[in-house]
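One structure is given here, and the rest of the page talks about it.
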Amino acid sequence: MRLSKYFLPTLRENPADAEVVSHKLMMRAGMIRKVAAGIYDYLPMGLIVIRKVENIIRKYMNEAGAIEVLMPAVVPAELWKESGRWNVYGKELLRFKDRHDRDFCMGPTHEEVVTDIVRNEVKSYKDLPINLYQIQTKFRDEVRPRFGLMRGREFIMKDAYSFDTTDEGAEKSYRDMRDAYCKIFKACGLKYKVVEADSGAIGGNFSHEFMVTAETGEDFVISCDSCDYAANIEKAPVIDVWQEEDEPLKSVERVETKNMKTVTDVANYLGVPEKKVVKTMILRAGNDDIIAVMIRGDHELNMAKIKNFLNVPYVEFATPEEILKSTNGPLGYSGPIGINVKIFADNALKGMKNYVVGGNEKDIHLLNVNHGRDFSIVAFSDFINAKPGNTCPKCGGKYVITKGIEVGHIFKLGTKYSKSMKAIYLDKDGKQQYIVMGCYGIGVGRTAAAAIEQNHDEKGIIWPIQMAPFEVAILPLNDDNEDVVNLAETLYIKLQKKGVEVILDDRKERAGVKFNDAELVGYPIRVNIGKKTLENGEVEIIIRKTGEKISCKKDDALSKILEIREKLYNED
RNA sequence: CGGGGCGUAGCGCAGUUUGGUAGCGCAUCGGUCUUGGGAACCGAGGGUCGGAGGUUCAAGUCCUCUCGCCCCGACCA
């Protein structure tokens, strides 16, 4: 490709609305442009990168036996009503009507559609297992899209769905996908972790996330410092045995805590450690049940754990009105005594004595409260976020915490959708059985963004060669020098003939502009051809990743470039 | 959905407090000169000041409404 005839609008300055480095660099490197919040154009360079990621995904999906299809982006409401998700999915599901006033939505995921295909076409155990996947534009009307392609509303996703006759079969399909995903992210040149995850709104029995480690990640990953255990913070269990406090029970004391809503305020004021202050959170669980969950002041509530413990579809904080109604007190002063909702407590509370709780009254807390004596707890369980230093459930090591970008997520669904949508096959005995499903997603744009988060410097992107829009950039530095131009042209043609993806910066620009654009866009290999070095018959080859500058005789350039390219592909 | 902020040339911003001819840098176009790290100089074009309504002799600036975008939180494959 000749850059003079290409479309690469680079930006010198960072766009005002970009926050994270991948967003800034994708904008500046002319890969994407915003059309609306969370909705982007893919410009040529961006599209090439997207297609490269897609093709890597295709290769390993096909290798794992999955078969590509393409389902509609616009999905009739009937399918979603059938699975029951039409009423559950919430505002993220973009709904609209066609001219006949029929309900439709933009598919945010395709369990319903793919299950519909399979139930219509697959009748026998002989047709199974099967794994169908697609690479398609999805839409989720996120409350707050942000960070460019990292969290768009419209985004390209690879989603695969496996169908098996048995649970064991489904688990094999799951393992196969897990292995394929490992190959995919490795082939993308990314550093990643496979972590245990909560299965969330998709539902199902177990699930893993593929996390690219990056400072700007939105997910917290708990991993062990001495074994390979890793889990999303939503999932990572806290198994520490908390101390049984050995102090005599004191009598409850009512204290005024004017305008102190936070645990820190209350603890400081009363002169007790934060962990002696117990937070009582009022929540609304599925079916509109109001419940209370008590956790230690220095701990964080984990909604996913509560949701799973109660086995309900969602858990939310109660509104101030609901709190007033169920506790007779204002937000910020809730406590367990005298309220008539079910009270659950984190394991850490088991051995605690004489702690501080809210008084269900403005500016009032209670001292020396004890469960059992002053109120009763329905159940103890693990309701808090793990912290660094907690004990690993697998080996007894210590937890550490890192941030990650979720680029892939795999779920074992079981029969959730096959039951609600009646996807049935006949087994060997002619008996009807539900098909056992799994689903497997990869965020394509997010994978590209994650690669930038992980590979960049102050000058721009440093593409892993597998994802780079072009493998080699040739920069003739003196437009008016015939030798320079001729050599650049010759080398450009020769590289093309060798099948190298090469771009020739033949724009009438000064050297500095070409250097800066090349570094911004992040071509793995750059060839400088200038009259200064050409006087000695030499050109410069620069490896973006290492910054290494190799001078070589102009006649050796071709073989040297091929050699470096080969080396870059075989690294990692 | 709660809190905060922003909308002025393609991009980045000033001007709004205190109403009085719409500006700066970069980019673009023409020219001179330069040519290995986003050159310099001369000249030019480009604006419904997000939109609607109002106050006023006069509104980018004040008032009301509205739309869009960003950040924090909540939520979320």
Side-chain angles (χ1 to χ4, degrees), chain A residues 9-20 23-24 27-28 30 33-39 85 89-93 107-111 138-148 150-153 155-160 197-204 207-211 218-219 232 234 283 301 303-304 307 314-320 331 405-411 413 439-446 459-460 475-481 484 505 507-520 526 528-535 539-540 542 549:
Chain A
T10 55
L11 265 29
R12 194 185 293 210
E13 284 173 288
N14 280 320
D17 58 3
E19 194 72 8
V20 299
H23 187 192
K24 289 177 185 167
M27 291 288 294
R28 287 188 51 204
R33 285 294 182 266
K34 187 171 72 184
V35 179
I39 298 176
R85 286 207 289 183
Y89 211 86
K91 287 191 182 167
E92 255 190 43
L93 185 64
T109 173
H110 279 67
E111 284 79 7
K138 301 270 189 253
F139 197 94
R140 293 185 191 172
D141 200 356
E142 295 269 355
V143 191
R144 184 144 95 84
R146 56 184 139 172
F147 303 157
M150 207 118 102
R151 177 178 289 265
R153 293 145 91 201
F155 58 101
I156 299 170
M157 172 168 161
K158 187 285 303 178
D159 48 327
D198 184 68
S199 45
I202 298 269
S207 141
H208 286 86
E209 288 167 336
F210 288 73
M211 294 283 195
E218 295 184 87
D219 290 280
N232 191 300
E234 292 196 329
L283 305 170
L301 191 67
M303 299 282 231
K307 195 189 73 182
Y314 67 90
V315 172
E316 291 171 353
F317 283 112
T319 61
L331 174 68
I405 300 164
E406 180 194 350
V407 289
H409 201 157
I410 58 179
F411 301 83
L413 291 174
C439 82
Y440 318 93
I442 293 178
V444 176
R446 190 183 276 190
K459 300 243 178 201
L475 276 55
L477 302 175
N478 315 91
D479 305 309
D480 55 350
N481 182 302
V484 166
D505 192 349
R507 295 174 302 170
K508 299 276 173 279
E509 289 287 354
R510 296 164 65 88
V513 175
K514 295 187 182 188
F515 290 150
N516 284 314
D517 271 352
E519 279 157 334
L520 175 60
R526 182 175 110 211
N528 289 348
I529 302 179
K531 67 178 179 192
K532 210 189 265 180
T533 56
L534 207 51
E535 279 166 12
V539 300
E540 288 165 348
I542 291 136
K549 189 190 275 186

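Just so we're on the same page: letters track the sequence lines, and every chain starts at 1.
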Exercise. Do A:Glu509 and B:G37 share a donor-acceptor pair, side chain to base, under 3.5 Å?
Worked result: no
Seminar exercise, completed: Answer for the Watson-Crick or wobble partner of B:C26, both distances under 3.5 Å, is B:G10
Exercise. Does a side-chain N-to-carboxylate-O contact under 4.0 Å join A:Arg151 and A:Glu142?
Worked result: yes
Exercise. Given that A:Val35 and A:Leu534 both sit by RNA chain B, which one's nearest nucleotide is further toward the 5' end?
Worked result: A:Leu534
Problem set entry | Span that lies between the C1' atom of B:A9 and that of B:C1, in whole angstrom | 36 Å
Exercise. To the nearest angstrom, how far is A:Asp17 atom CG from B:C11 atom P?
Worked result: 10 Å
Exercise. Is any side-chain N or O of A:Glu13 under 3.5 Å from a base N or O of B:G38, one able to act as donor and the other as acceptor?
Worked result: no
Problem set entry | Nearest non-hydrogen partners of A:Lys508 and A:Asp479, listed with the distance | CA-OD2, 3.8 Å
Exercise. C1' atom, B:G36 versus B:U32: distance in rounded Å?
Worked result: 23 Å
Problem set entry | Side-chain donor/acceptor contact of A:Arg12 with base of B:C11 under 3.5 Å | no
Between N or O atoms, less than 3.5 Å apart, protein on one side and nucleotides 42-50 of chain B on the other: list the pairs.
none

Problem set entry | Selection from B:A74, B:C11, B:C71 that lies nearest to any side-chain heavy atom of A:Phe317 | B:A74
Seminar exercise, completed: Comparing A:Arg28 with A:Asp480, nearest RNA chain B nucleotide closer to 5' gives the residue A:Asp480
Exercise. Taking atom P of B:G73 as reference, at what distance in whole Å does atom CZ of A:Arg146 sit?
Worked result: 7 Å
Seminar exercise, completed: Pairing partner of B:G73, by Watson-Crick or G-U wobble and under 3.5 Å for both distances, is B:C1
